[in-house]
2 protein chains.
Amino acid sequence: MATREKSGCPINLSLELVGDRWTLLIIRDLVFAGKRHFREFLQSDEGISSRTLAERLQTLQDEGILTRSDDPTHGLKTVYRLTEAGIDLLPVLATLGAWGSKHRKADERLARIAEELAAGGEAALERTKTTLRAEHIV
Amino acid sequence: MATREKSGCPINLSLELVGDRWTLLIIRDLVFAGKRHFREFLQSDEGISSRTLAERLQTLQDEGILTRSDDPTHGLKTVYRLTEAGIDLLPVLATLGAWGSKHRKADERLARIAEELAAGGEAALERTKTTLRAEHIV
DNA sequence: CCGCATCCCTATAGATACTG
DNA sequence: CAGTATCTATAGGGATGCGG
């Protein structure tokens with residue numbers, strides 16, 4: 001990515017990083033599907049290519065949204081985790097999910113989950129965030 | 001756009017429509033800058049091209065996010081307005097703006113506005129929505 | 001097996017100029 | 001004024017390769 005900033009508008013700055021077809025899907029998989037490894041991200045229903053995935057993981061790391069580390073139990077594997085800045089994207093995912101549930105033909109089961117998270121407001125978001133943070137300490 | 005659906009995930013369905021560099025900037029200009037005409041969108045700081053703008057306005061209309069109509073006071077002009085589905089994207093803009101304010105180097109003044117809207121919660125969002133709806137009746 | 005890097009090729013984005 | 005035509009640049013899919 002690394003496009004030069006086109007304006008200081010907060011919405012624009014956010015979109016310069018996450019405003020594409022794939023970035024928020026990767027973060028969704030980190031948050032809701034508990035994915036941590038390269039191969040797992042490759043296997044999402046939407047089918048990201050390995051080339052695009054590698055590039056996005058790199059820039060997300062460069063921009064402080066996630067961290068890369070070695071899997072202690074399995075030398076070959078690399079573990080990706082969200083930083084605080086990444087976890088803070090949860091409200092964006094929640095509002096996007098709520099909108100999709102309401103205005104697009106979403107899968108019934110997933111739609112209900114999205115609506116519940118959105119309806120739960122701040123409290124529900126905080127609970128999810130706490131769960132995500134716990135993993136870093138472990 | 002019109003890419004065939006890659007999954008029924010609500011977040012994915014949202015991203016298939018608004019997950020790109022420009023769509024949410026157009027909606028931002030409709031919501032916060034009160035823009036209504038083709039030329040006005042062209043003049044945003046980020047500099048969208050006329051071709052891309054025309055295409056996005058078309059698909060947004062096709063997907064029921066905005067409406068196109070003639071300006072009664074000025075025969076040549078076309079007026080773009082958000083539908084209810086479009087207005088419902090406001091929480092997405094709000095969370096994106098809040099994230100950008102907190103985690104990117106955003107313009108001071110705009111950052112404060114974004115933070116206030118986010119901090120205001122549901123009530124602040126509802127007030128903005130009401131203002132937007134009023135325009136349709138007029 | 002793992003996380004990528006590289007290559008090739010096509011689809012789409014975008015700049016610029018122009019039209020009804 | 002709201003868009004198109006045309007041309008070029010880039011993003012991205014898919015196959016394959018490669019060091020650890």
Side-chain angles (χ1 to χ4, degrees), chain A residues 1-7 12 15-26 29-30 35-63 65-81, chain B residues 1-7 12 15-27 29-30 33-63 65-82:
Chain A
M1 209 151 289
T3 317
R4 204 60 250 126
E5 288 176 19
K6 297 207 176 198
S7 87
N12 174 60
L15 290 174
E16 286 187 357
L17 184 60
V18 304
D20 70 278
R21 186 78 181 70
W22 296 111
T23 300
L24 287 174
L25 290 179
I26 295 172
D29 285 349
L30 277 159
K35 296 187 182 177
R36 298 292 178 267
H37 306 294
F38 196 92
R39 290 287 147 161
E40 295 180 295
F41 296 116
L42 274 186
Q43 280 145 22
S44 69
D45 283 348
E46 294 86 13
I48 189 172
S49 77
S50 68
R51 174 185 145 80
T52 305
L53 176 59
E55 182 203 289
R56 291 303 139 87
L57 288 172
Q58 181 63 55
T59 66
L60 286 175
Q61 186 188 242
D62 293 346
E63 300 294 334
I65 311 304
L66 50 78
T67 61
R68 197 187 312 242
S69 57
D70 291 338
D71 188 327
T73 70
H74 202 286
L76 288 174
K77 288 198 176 181
T78 301
V79 182
Y80 295 94
R81 287 196 200 85
Chain B
M1 208 149 295
T3 316
R4 205 60 249 128
E5 287 175 20
K6 296 208 176 197
S7 87
N12 175 60
L15 289 174
E16 287 187 356
L17 184 60
V18 304
D20 70 277
R21 185 77 181 73
W22 295 111
T23 300
L24 287 174
L25 291 179
I26 294 171
I27 295 172
D29 285 348
L30 277 159
K35 297 186 182 179
R36 297 292 178 269
H37 307 293
F38 196 92
R39 285 289 142 160
E40 296 179 295
F41 296 116
L42 274 186
Q43 280 146 22
S44 70
D45 283 349
E46 294 86 12
I48 190 174
S49 79
S50 65
R51 176 185 144 82
T52 305
L53 176 60
E55 183 203 287
R56 292 304 139 87
L57 289 173
Q58 181 64 56
T59 67
L60 286 174
Q61 186 187 245
D62 293 346
E63 300 294 333
I65 311 303
L66 50 78
T67 60
R68 198 187 311 244
S69 58
D70 292 338
D71 189 325
T73 70
H74 203 283
L76 287 173
K77 288 197 175 181
T78 301
V79 182
Y80 295 95
R81 289 198 199 84
L82 289 173

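Values reported hereafter were calculated over all heavy atoms of this structure, with side chains retained and with hydrogens, waters and symmetry mates removed. Each chain gets a letter, A, B and so on, in the order its sequence line appears, and its residues count up from 1.
- In this structure, R21(B) pairs ionically with E16(A), as a charged nitrogen and a carboxylate oxygen lie closer than 4.0 Å.
- Contact check, W22(B) against dT12(C): no side-chain N or O comes under 4.0 Å of OP1 or OP2.
- Rounded to a whole Å, the CG atom of D20(B) is 8 Å from the P atom of dA13(C).
- A pairwise comparison of heavy atoms in L66(A) and L57(A) identifies CD1-O, 3.8 Å as the closest pair.
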Its dot-bracket string being built from Watson-Crick and G-U pairs below 3.5 Å, with | for another strand and [ ] for crossing, DNA chain C has the pattern ||||||||||||||||||||
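- Atom CG of L15(B) and atom P of dG12(D) are 13 Å apart (whole Å).
- As rounded to whole Å, 9 Å separates atom C1' of dC1(C) from atom NZ of K77(A).
- Distance CG (L57(A)) to P (dG12(D)): 14 Å, rounded to an integer number of Å.
- Side-chain atoms of K77(A) do not come within 3.5 Å of backbone N or O of D71(A) as any donor-acceptor pair.
- Rounded to an integer number of Å, the gap from F38(A) CZ to dC1(C) P is 17 Å.
- Listed pair R21(B) / dA11(D) fails the phosphate criterion, with no side-chain N or O lying under 4.0 Å from OP1 or OP2.
- Contacts of residues 45-53 of chain B with DNA chain C (heavy atom under 4.0 Å): G47(B), S49(B), S50(B), R51(B), T52(B).
- Whole-Å rounding puts the R39(B) CZ to dT4(D) P distance at 13 Å.
- Contact record, F41(B) with R36(B): CE1-C, 4.1 Å, taken as the closest heavy-atom pair.
- Atoms CD1 (I26(B)) and P (dA13(C)) sit 12 Å apart, rounded to a whole Å.
- Regarding E55(B), its CD atom lies at a distance of 9 Å from the P atom of dT12(C), rounded to whole Å.
- Of the charged side-chain nitrogens involved, at least one lies within less than 4.0 Å of a carboxylate oxygen, so that R56(A) and D20(A) count as a salt-bridged pair.
- R68(B) approaches Q58(B) most closely through the heavy-atom pair NH2-OE1, 3.3 Å.
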